[in-house]
**Student:** 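For reference, the structure I am asking about is given below.
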Number of protein chains: 2
Amino acid sequence: MQIDVSTRQLRAFLALADGRNFTRAAAQTHLSQPAFSALIRALEEQLGLRLFDRTTRSVELTVEGRLFEESARRVLHEAQEAVADMQAHAARRRGRVSLALLPSLAAGWLPPLLAGFRARHPDIHLDVADVLSEDCVERVRSGRADFALASTRADTPELRTELFCSDGFHLVCRRNHPLAKLRLPRIADVAAHPIVQLSRESSVRHQVEAAAHPRQLNTVMELDQLSSVAGMLRAGFGVSLVPELALFHFDHPELVTRPMQGPKLRRQIFVVRRRDRSLSVAAQALYEELMAHPPGALSR
Amino acid sequence: MQIDVSTRQLRAFLALADGRNFTRAAAQTHLSQPAFSALIRALEEQLGLRLFDRTTRSVELTVEGRLFEESARRVLHEAQEAVADMQAHAARRRGRVSLALLPSLAAGWLPPLLAGFRARHPDIHLDVADVLSEDCVERVRSGRADFALASTRADTPELRTELFCSDGFHLVCRRNHPLAKLRLPRIADVAAHPIVQLSRESSVRHQVEAAAHPRQLNTVMELDQLSSVAGMLRAGFGVSLVPELALFHFDHPELVTRPMQGPKLRRQIFVVRRRDRSLSVAAQALYEELMAHPPGALSR
DNA sequence: CGATCTTACGGGATTCGTAAACATA
DNA sequence: TATGTTTACGAATCCCGTAAGATCG
């Protein structure tokens, strides 16, 4: 025989166990005294035994009542903890977000936004993976990330992609480089010059190669980190093509940047998330925050 | 803001979390499907967040739902344990009884009764103190015993006494003792003979002395245990006066017993229990059992 | 006799089930 | 279109509060 117990009953029981007075316990429970009495009686009937020895003058726990008191306190406490925890999640006072995004976003645009989010939600745990686009998508697919900002689409039965923003590629070179004279260089202008590139896994590399196609670029070096590329350029290793959001790596007096001409030299950044699952409250909060503040000064 | 949760809600939630299907979970919960749906919705509203991502085709726990699932299982389990434990106590399948009673009762009359009780209620823990009357009463007063069978009254604001049974004193002596010839000896007959007595703490001793008053008895030895008294009598140390319920100690071919004459030579045995507290279910069960089977062959 | 718990009872909120509407694969 | 969830609504149930009754110190 399975029996229903509610936290209200437990609270009422414990109020009476503590105060040992129906009238006061009823007031504390926001009930009329007869209603409170009925509630205790119902609980006793459910359990099949008396919890209180009562006369008009005294109310005392029975032996069994004392046993039940221990359990009741524990159960009520845990139930209230569970509810409070859920409410904390609902109020964005607790939770966890796992975000995967491109290193170029993670270094430049994200930090101030994330600082604001953290200030508003100090107890939401943040888990940021600054990895390449493929890895971003894979993390969402596997559930390790709630959503991702990546530069590759991923529309599968489980994943959903939407455009977040786009940024144009810029030429970067030393101030005294011949190409520095051009206001809006085109890919054809660049093709002949020695070029420092990112590794073949990089989506930036893919897009640069695709934009140059069928021309072959004169790649003199491949690196993994844009900050390393900047160092090479300063040392005179050639030029590079870099998306606008990553230009801060090249903010140096010896270097200049020039926006590239041509529609292919524009990178799109997507939000990738699971199609079937909703975001957690915390993830949804960050998601909305990020979507409301795309890289502002930049064109869509 | 304090929120009410019931085990019914938790059961419903877990049924849906397990089955991931409203219709089946509703049936399992003995509810119509719309009623079940409303129940889940109410729970979600109380917590302030969605617990399930649902379409008509799939029902899945949200991130928060999975968190809640853990707590819900724990809370429900503990609540059910607590209720089941109370029901077990109510059904006399669990519990504890602490009984204090005179050694003479504990050795002779009690064991078979207690064996029957134990057979019927194997999981009720029995705690028997076979101690002298004063100690019996003290144990009830202090709460170490639920009730006692003692030979002294104890009517105080906290204790209540009622008659349980009575037994007459018998003379015990060697078969060849002069007193063995009397059918119904009186205290006057005994007074002159050497007598082996129990210690001054014993209520039997008190009563014997009181019955003899103002005569002085010719006490040759004081012992604590009746079985030792029996040994002394067999060895010819004299006679003794023993309540009927303790006569089994003297069941020996060399010894004879004779019922004493006179109203003072009758011992009363009382049930002593607390006035304010009810007995636990287990104690009440034993109490009723004992009260229904007073030492049968003996007069009241 | 006064304080306190219990019983009695009418009114109101809650919750149920049936039926229809709605949504998704 | 078929399966399965939500909405709509009348009805039964449960629970509350007021008032009267009972009980103990």
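Lettering of chains follows the sequences in order, A, B, ..., and the numbering in each one begins at 1. Keep in mind that what you see is a predicted model, and the values were worked out from it rather than measured. Heavy-atom basis, side chains included; hydrogens, waters and symmetry copies ignored.
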**Student:** Just the rounded figure in Å: distance from P of D/dC24 to CZ of A/R57.
**Tutor:**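 Taking atom P of D/dC24 as the reference, CZ of A/R57 is at 12 Å.
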**Student:** Say whether, by atom type as modelled, one donor and one acceptor occur between the side chain of B/R274 and the main chain of B/R141 under 3.5 angstrom.
**Tutor:**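 Looks like yes, one N/O pair under 3.5 Å.
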**Student:** Nucleotide range of DNA chain C contacted by chain A, 5' to 3', under 4.0 Å to a heavy atom?
**Tutor:**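 Boundary nucleotides touching chain A, in 5' to 3' order, are C/dG2 to C/dT7.
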**Student:** For the helix from C/dC1-D/dG25 to C/dA25-D/dT1, what is the angle between the axes at its two ends, each from 5 pairs, rounded to 10°?
**Tutor:**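 Helix axis angle between the two ends: 40°.
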**Student:** List for me each residue that meets side-chain hydrogen bond (donor to acceptor under 3.5 Å, both in side chains) alongside B/T152, sequence neighbours excluded, and say none if there are none.
**Tutor:**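 Only B/S133 meet the side-chain hydrogen bond (donor to acceptor under 3.5 Å, both in side chains) criterion with B/T152.
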**Student:** Kindly say whether A/T161 contributes a backbone atom to a donor-acceptor pair with the side chain of A/D155 at under 3.5 angstrom?
**Tutor:** yes
**Student:** Under 3.5 Å, side chain of A/E64 to main-chain N/O of B/V281, donor-acceptor pair present?
**Tutor:**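 Confirmed, A/E64 side chain pairs with B/V281 backbone.
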**Student:** Are there more than 12 heavy atoms of other residues, nucleotides or ligands under 6.0 Å from atom NE2 of A/H125?
**Tutor:** yes
**Student:** Produce a footprint string for nucleotides 8-21 of chain D: one letter per nucleotide, 5' end first; B if the base is under 4.0 Å from any protein heavy atom, S if only the sugar-phosphate is, - if neither.
**Tutor:** --------SBBB--
**Student:** Go through the side-chain N and O atoms of A/R8 and A/S6 and say whether any donor and acceptor fall under 3.5 Å apart.
**Tutor:** no
**Student:** Name the atoms and distances for all side-chain donor-acceptor pairs under 3.5 Å in residues 26-35 of chain A, with sequence neighbours left out.
**Tutor:**
from: A/T29; atom 1: OG1; to: A/A25; atom 2: O; distance (Å): 2.5
from: A/S32; atom 1: OG; to: A/A35; atom 2: N; distance (Å): 3.3

**Student:** May I ask you to check if A/R273 and A/Y287 form a cation-pi contact, with NZ or CZ under 6.0 angstrom from the six-membered ring centre and within 45° of the axis?
**Tutor:** yes
**Student:** Would you call A/R73 and A/D18 a salt bridge, taking side-chain N to carboxylate O under 4.0 Å as the test?
**Tutor:**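 Between A/D18 and A/R73 there is a salt bridge, with a charged N closer than 4.0 Å to a carboxylate O.
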**Student:** Got a sec, which residues hit side-chain hydrogen bond (donor to acceptor under 3.5 Å, both in side chains) with B/D4, two or more places apart in sequence or on another chain?
**Tutor:** A/T7
